[in-house]
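Down below is the structure, laid out as structure tokens.
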Amino acid sequence: MLENRVAFTGHRNYPYDAARLKAVLEKLYTSGNRIFMSGMAVGFDLAAAEAVLALRAQHADVVLMAVIPFRGQEERFSPKDQERFHQILEKADERVLLAERYHPDVYRVRNNFLVDHAATIVSWYDGHEGGTRYTIHRALKLRRRLIHLNPATPPDAYPPPTLF
């Protein structure tokens, strides 16, 4: 059942490219993908969730699943991003809360969930250590399809992460 599921991973500092993301989502939809999962972090995750909601406005069978690492995650966001988070959450078709409160492995658990429940991962990776790098390497290790949107930084040019 993974075959029609897509997850997103990316950095907080995402130079938003709406046209490119929209084109990728349209291609994914055309090839049969219907369930799109966002980890609901600031940056690429929220931008991707908003793009999925725009896609859903054109295709009623699109499902946005908000994968929330812990209750209150958004309290660490800026007021503007808190508002975006709540607007997306209100419009999401499904919400998955992975932990009641923060713990040191909460983001790794969220990233693993995304990779474990999707056949395709769409990424915006800039070469830095962190959760995005970890998620991409896990996706490659588990032979998930990877669609990488940052042409300046190929994800396979870096050694596996040591963060987690």
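What's counted below: heavy atoms across the whole structure, side chains too, no hydrogens, waters or symmetry copies.
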| message | Are the side chains of N150 and D126 in contact, using a 4.5 Å heavy-atom criterion? | response | yes
| request: For the residue pair F8 and F44, categorise the inter-ring angle as parallel (less than 30°), tilted (30 to 60°) or perpendicular (more than 60°). | output: perpendicular
| Shortest non-hydrogen contact between D81 and L46, atoms and distance | O-CD1, 4.1 Å
| message | Checking the side chain of H117 only, and the main-chain atoms of F113 only, is there a donor and an acceptor separated by less than 3.5 Å? | response | yes
| query | Any idea which heavy atoms bring H11 and H128 closest together, and the distance? | reply | CE1-O, 4.2 Å
| What is the distance from atom CZ of R5 to atom CZ of R144, rounded to the nearest 0.5 Å? | 11.5 Å
| query | Does the R145 side chain pair with the main chain of I121, one donor and one acceptor, at a distance under 3.5 Å? | reply | no
| task | Please check if any side-chain donor atom of Y134 sits under 3.5 Å from a side-chain acceptor atom of N112, or the reverse. | result | yes
| query | Heavy-atom distance under 4.5 Å between the side chains of V62 and I35, does that happen here? | reply | no
| Who are the side chain to side chain contact (heavy atoms under 4.5 Å, CB included) partners of E83, not counting sequence neighbours? | Q87
| note | Closest non-hydrogen atoms of L28 and T120, given as atom of the first, atom of the second and distance, are CD2-CG2, 4.1 Å
| message | Please give me the minimum heavy-atom distance between L149 and W124, naming the atom from each residue. | response | O-CZ3, 3.2 Å
| said: E26 vs Q58, test: side-chain contact (heavy atoms from CB on, under 4.5 Å). Steps then yes/no. | reply: CA-CA 10 Å; E26 281 290 344; Q58 297 175 342; 2.7 Å; yes
| task | Please list all pairs passing the side-chain hydrogen bond (donor to acceptor under 3.5 Å, both in side chains) test where one or both residues lie in residues 33-45, with sequence neighbours left out. | result | S31-N33, R34-D61
| remark: Taken in chain and number order and not counting sequence neighbours, the residues that satisfy salt bridge (charged side-chain N to carboxylate O under 4.0 Å, His left out) with R95 are none
| Are any of the side-chain heavy atoms of R101 and R71 separated by less than 4.5 Å? | no
| message | Please report the interatomic distance CD1(I136) to CZ(R133), rounded to the nearest 0.5 Å. | response | 9.5 Å
| query | What pair of heavy atoms forms the shortest contact from S123 to L146, and how long is it? | reply | OG-CD1, 3.8 Å
| Step-by-step side-chain contact (heavy atoms from CB on, under 4.5 Å) determination, V115 to T135 | CA-CA 7 Å; V115 173; T135 305; 3.5 Å; yes
| For the atom pair CD (Q73) and OH (Y102), what is the distance rounded to the nearest 0.5 Å? | 11.5 Å
| message | Going by the rule side-chain hydrogen bond (donor to acceptor under 3.5 Å, both in side chains), which residues pair with R56 if we only count those two or more places apart in sequence or in a different chain? | response | D93
| remark: Minimal heavy-atom distance between A48 and L21, with the atoms involved, is CA-CD2, 3.8 Å
| Can you tell me how far CD1 of I88 sits from CG of L64, rounded to the nearest 0.5 angstrom? | 7.5 Å
| task | Start with the C-alpha distance between T30 and K27, add both sets of side-chain angles, then the distance that settles side-chain contact (heavy atoms from CB on, under 4.5 Å), and finish with yes or no. | result | CA-CA 5 Å; T30 300; K27 285 182 183 177; 5.6 Å; no
| task | Scan for salt bridge (Lys or Arg N to Asp or Glu O under 4.0 Å) pairs involving residues 134-143, sequence neighbours excluded, and state none if there are none. | result | D116-R138
| task | Identify, with sequence neighbours excluded, every residue that meets side chain to side chain contact (heavy atoms under 4.5 Å, CB included) alongside A99. | result | F70, H103, V106
| note | One should read off an interatomic distance between T132 OG1 and R12 CZ, to the nearest 0.5 angstrom, of 8.5 Å
| message | Tell me whether R110 contacts the main-chain N or O of G39 through its side chain, where contact means a donor paired with an acceptor under 3.5 Å. | response | yes
| message | Quick check for you: to the nearest 0.5 Å, what is the distance between L98 atom CG and I68 atom CD1? | response | 8.5 Å
| task | Quick one: do F36 and M65 satisfy side-chain contact (heavy atoms from CB on, under 4.5 Å)? Show the steps, please. | result | CA-CA 6 Å; F36 297 85; M65 181 186 298; over 6 Å; no
| query | Is there a donor-acceptor contact under 3.5 Å from the side chain of Q82 to the main chain of F77? | reply | yes
